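Just below is one structure, and these are the notes that go with it.
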Amino acid sequence: MVLRTCRPADLEQVGALLAARGDPPDAEDQRLVVEDPDTGFDATAVVVDGDRVVSTATLLPETVRVADVVVPAGQVELVATDPGHEGRGLVRALMGWAHERSRARGDLLQVMIGIPYFYRLFGYEYAVDIPPARPVRDLPLPVPGLRRATPADLPALARLQDAAQAGADVAMPHPAARLRWLVAHEATTTWVLERDGAVAGSVRVPEPDDDLLAAEPTAVDAAAAEALLASPLGGATVLDLRRLRRAARRAMAVRGEDAAVRGAPLATVLADATLLDALPEHLARPAARVARVLSA
Ligand SMILES: CC(C)(COP(=O)(O)OP(=O)(O)OC[C@H]1O[C@@H](n2cnc3c(N)ncnc32)[C@H](O)[C@@H]1OP(=O)(O)O)[C@@H](O)C(=O)NCCC(=O)NCCS
C-alpha cells in the first residue's frame, strides 16, 4: 500500500469512499476543495492498495484569531477508510501526513471538529464547546430581499462574518477558499438578505432532507436582524420581536453590558449564542430558529 497525494484520476474513488463512509455530499466537498486554486490537489492524501483508493484525509487551511493575533492553522476533514482496510493504521498514517504538511507550511495549531474521543488518539484535546444545534422548522420562503448567495456575495459574506466575530476573544474566520466552497456546495445553502442593493445579513442552512438548523448568522444592524427574524426562517411576529428585544436588553444588563456599546440587542442575539441561551426559551424561539453561532 502507498500513501500519496491525490490525483485528478482518483477523484471518483475518493468521492465514492467518502460518500459510502460518511455523507454523500462529502464527495462534492472534497472535489470543491481540491479544485480550488488556493488549496489544490495537494490538500488531499490517499492510501492506495494497487489501484484502489482505500483511505483518505484532507488538510484544510484555516485561521484562528486570538484577540488581534491571527494564527495559521490546519484542519483535517473528510477522513475515511474502506471497511476491508480498517484497523491497519491507515488513518494514523494519514494524520501523520497531514500534521507534517501543516507544520511545513507554517501552521501553528490544528483545529478539529470530529468524532468525540477518536481524535484524542492523535494528540487533540477539547478546547471550545460548540453550542448545541438549534433547529429551524421551515426553510425560508421568498420574501423581499432574501435570496440565495452567489459567488459575487463572497466579499460581503466575509465582511459580515468578521463583524459578527469581532466581539469574540477567539474566532475562526473562514479563509477565502473555505467560503467559496461553502457557498458553492449543495450540502448547505447560504441565504443573504439584500437591502438597498447591499447584503445586510446572511445565514447558512442545510438542504431540506437534513435536520434543519441555521449556522453562522450575521446581520449588519437591528433592521437587518429584524428582517431575518421576521422572515419565515425566524417566524417572529412584531410582538415577538418587541419581547425578544426587551429580554435581550435585560440579559445584557445582567451581564454588565451596555446595549448601546455592543450594538443593537437583536443583532447581538443573532451573533452571541451565550446571550441567546440566557433568554427564556419561549422568547428566544424565533432567534433560536435563525441562530446557531459557531463562534469558536
Ligand atoms: C474512523 C475511521 C476513519 C478509522 O480508520 P482506520 O484506518 O481504521 O484507522 P486506524 O487503523 O489508522 O486507527 C487509528 C487509531 O484509531 C483507533 N480506532 C479506529 N477506529 C476506531 C473507532 N471506531 N473507535 C475508536 N477508536 C478507533 C485505532 O485503534 C487506532 O488507534 P491506535 O493507533 O492507538 O491503535 C474509519 O473507521 C472510517 O472510515 N469510519 C467511517 C467514517 C468516519 O467516521 N470518518 C471520520 C469522520 S470525522
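Note: hydrogens, waters and symmetry copies are ignored here, and every other heavy atom, side chains too, is used. Predicted, not measured: the structure shown is a model, and the values here were computed from it. Whatever order the structure lists ligands and atoms in, that order sets their numbers, starting from 1.
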With a cut-off of under 6.0 Å to the ring centre and 45° to the axis, is Arg148 in cation-pi contact with Trp191?
yes
Under the side chain to side chain contact (heavy atoms under 4.5 Å, CB included) rule, collect the residues that match up with Arg195, sequence neighbours excluded.
Ala200, Val220, Asp221, Ala223, Ala224
Are the side chain of Arg65 and the backbone N or O of Ala67 linked by a donor-acceptor pair below 3.5 Å?
yes
All N/O donor-acceptor pairs, side-chain side in residues 68-86, below 3.5 Å, sequence neighbours left out:
residue : atom : partner : partner atom : Å
Gln75   : OE1  : Arg178  : NH1          : 2.9
Gln75   : OE1  : Arg178  : NH2          : 3.4
Gln75   : NE2  : Glu77   : OE2          : 3.2
Thr81   : OG1  : Ser55   : OG           : 2.8
Asp82   : OD1  : Arg52   : NH2          : 3.3
Asp82   : OD2  : Arg52   : NH2          : 3.3
Asp82   : OD2  : Gly84   : N            : 3.3
Asp82   : OD2  : His85   : ND1          : 2.8
His85   : NE2  : Asp49   : OD2          : 2.8
Glu86   : OE2  : Arg21   : NH1          : 2.6

Cationic N near anionic O, under 4.0 Å, Arg4 to Asp10
yes
Contact residues of ligand 1 with a heavy-atom cut-off of under 4.0 Å?
Arg21, Val79, Ala80, Thr81, Glu86, Gly87, Arg88, Gly89, Leu90, Val91, Arg92, Ile115, Phe118, Tyr119, Leu121, Phe122
Show which side-chain atoms of residues 113-123 pair as donor or acceptor with protein atoms under 3.5 Å away, not counting sequence neighbours.
none

